[in-house]
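Throughout, a chain's letter reflects where its sequence line sits, starting with A, and its residues are numbered from 1.
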Amino acid sequence: MRVVTWNVNSLRARMDRLASWLKYADPDIVCLQETKVQDSGFPYEEIAAMGYHSVHYGVSQWNGVAILSKRVPEEVQIGFLEPWDAQEARIVTARIDGISISSVYVPNGRSLEDAHYIFKLEWLKRLELEISARLSRGESVLIAGDFNVAPQDLDVWDPEEFVGATHVSPAERRALEAIYQVGLLDVFRRIYPDQRIYTWWDFRRGAFHKGQGLRIDLVLADLDLAARAVWGLMDREARKGEKPSDHAPVIIDFQS
DNA sequence: ATGGTAGTGCAACTA
């Protein structure tokens with residue numbers, strides 16, 4: 001089973017690249033973030049023509065998350081199970097092959113002084129509670145998406161540049177640790193404990209060509225599922241060329 | 001140089 005997470009930074013702007021990349025990488029499941037479309041504007045037919053069923057949650061020009069799957073998704077859940085007015089279109093979940101799979105787009109946070117940063121921490125806490133509930137029901141769980149948190153300094157091109165910034169603050173990393181504590185592993189890091197490799201590079205200042213990136217797109221899985229992961233890659237080729245997203249797709253292969 | 005680029009959508013916000 002090949003699982004991919006990719007923040008496409010507008011699905012409409014990325015449709016041609018997505019189509020060719022899906023042909024090339026041939027994943028079974030694709031978690032997309034920042035589709036930037038409402039459900040009514042989601043290209044269900046075009047995605048179906050690529051060989052994938054679609055589940056999407058989008059309510060405005062912002063955010064928007066989707067799961068593409070070769071197999072029919074079941075038990076679709078839009079947003080968090082617990083009602084929350086402030087949640088925005090940042091999580092969608094479906095059961096595929098017996099696994100509860102979520103595509104998540106964690107709030108950016110903007111700066112440590114911004115109200116959006118508090119929102120980010122609250123959002124991560126809600127995610128933790130939801131994962132905990134699913135695991136306690138005995139479900140197999142996979143959470144893939146843009147976490148907007150670099151788990152360790154190893155995941156940051158220059159930790160000194162990020163002192164006092166979001167994505168690396170102790171509170172954000174603690175929130176992510178709390179999610180690990182309920183029973184999930186960072187799958188890429190389990191396979192490659194020491195690899196310094198990124199998933200996002202700022203469009204500005206030629207960050208990609210300077211190697212100035214962060215590893216903020218993660219695939220988390222319960223311990224049994226994580227133990228089945230055998231190979232992973234950030235596809236930097238997809239960050240090059242005409243009209244790339246600022247994120248590279250992350251590929252994880254699981255033994256069946 | 002308190003900058004830069006990309007997306008949405010048409011001004012200004014988000015990242």
**Q** Using the C1' atom in both, what is the distance from B/dG4 to B/dA15, to the nearest Å?
**A** 13 Å
**Q** For the pair made of CZ in A/Arg205 and C1' in B/dT2, what is the distance, rounded to whole Å?
**A** 12 Å
**Q** Pick out the pairs of N or O atoms, protein on one side and nucleotides 11-15 of chain B on the other, that lie under 3.5 Å.
**A**
residue	atom	partner	partner atom	Å
B/dA15	OP2	A/Arg110	NE	2.8
B/dA15	OP2	A/Arg110	NH2	3.1

**Q** State which residues pass side chain to side chain contact (heavy atoms under 4.5 Å, CB included) with A/Ala171; sequence neighbours excluded, sorted by chain then number.
**A** A/Tyr117, A/Leu121, A/Ser169, A/Arg174
**Q** Quick check on contacts: within residues 206-213 of chain A, what sits under 4.0 Å from DNA chain B by heavy-atom distance?
**A** none
**Q** If you measure from the P atom in B/dC13 to the same atom in B/dG3, how many Å do you get, rounded?
**A** 15 Å
**Q** Which residues satisfy the side chain to side chain contact (heavy atoms under 4.5 Å, CB included) test with A/Phe162, sequence neighbours excluded?
**A** A/Val156, A/Trp157, A/Ala165, A/Val168, A/Leu214
**Q** What's the CG-P distance between A/Asn9 and B/dG9, to the nearest Å?
**A** 13 Å
**Q** Which donor-acceptor pairs under 3.5 Å do the side chains of residues 37-49 of chain A make with protein atoms, sequence neighbours left out?
**A**
residue	atom	partner	partner atom	Å
A/Asp39	OD1	A/His56	ND1	2.7
A/Asp39	OD1	A/Gly58	N	2.9
A/Glu46	OE2	A/Arg12	NH1	3.1

**Q** Which residues pass the side chain to side chain contact (heavy atoms under 4.5 Å, CB included) test with A/Ile118, not counting sequence neighbours?
**A** A/Glu122
**Q** Can you name the side chain to side chain contact (heavy atoms under 4.5 Å, CB included) partners of A/Asp28, sequence neighbours left out?
**A** A/Met1, A/Arg2, A/Lys70
**Q** Taking A/Asp153 as the fixed residue, which of A/Arg173, A/Arg196, A/Glu160 is the one that meets the side chain to side chain contact (heavy atoms under 4.5 Å, CB included) rule?
**A** A/Arg173
**Q** Could you work out the complete set of other residues in the hydrophobic cluster of A/Leu185, with links drawn between I, L, V, M, F, W and Y side chains under 4.5 Å apart?
**A** A/Leu223
**Q** What interatomic distance, in whole Å, is found between C1' of B/dG9 and the corresponding atom of B/dT14?
**A** 13 Å
**Q** Clusters formed by hydrophobic residues whose side-chain heavy atoms approach within less than 4.5 Å: which one holds A/Leu220, and what are its other members?
**A** A/Phe80, A/Trp84, A/Ile91, A/Val104, A/Val106, A/Phe119, A/Trp123, A/Leu124, A/Leu127, A/Ile131, A/Leu135, A/Val141, A/Ile143, A/Phe147, A/Val149, A/Leu176, A/Ile179, A/Tyr180, A/Val182, A/Leu184, A/Leu218
**Q** Once you round it to whole Å, what is the distance between C1' of B/dG7 and CG of A/Leu32?
**A** 16 Å
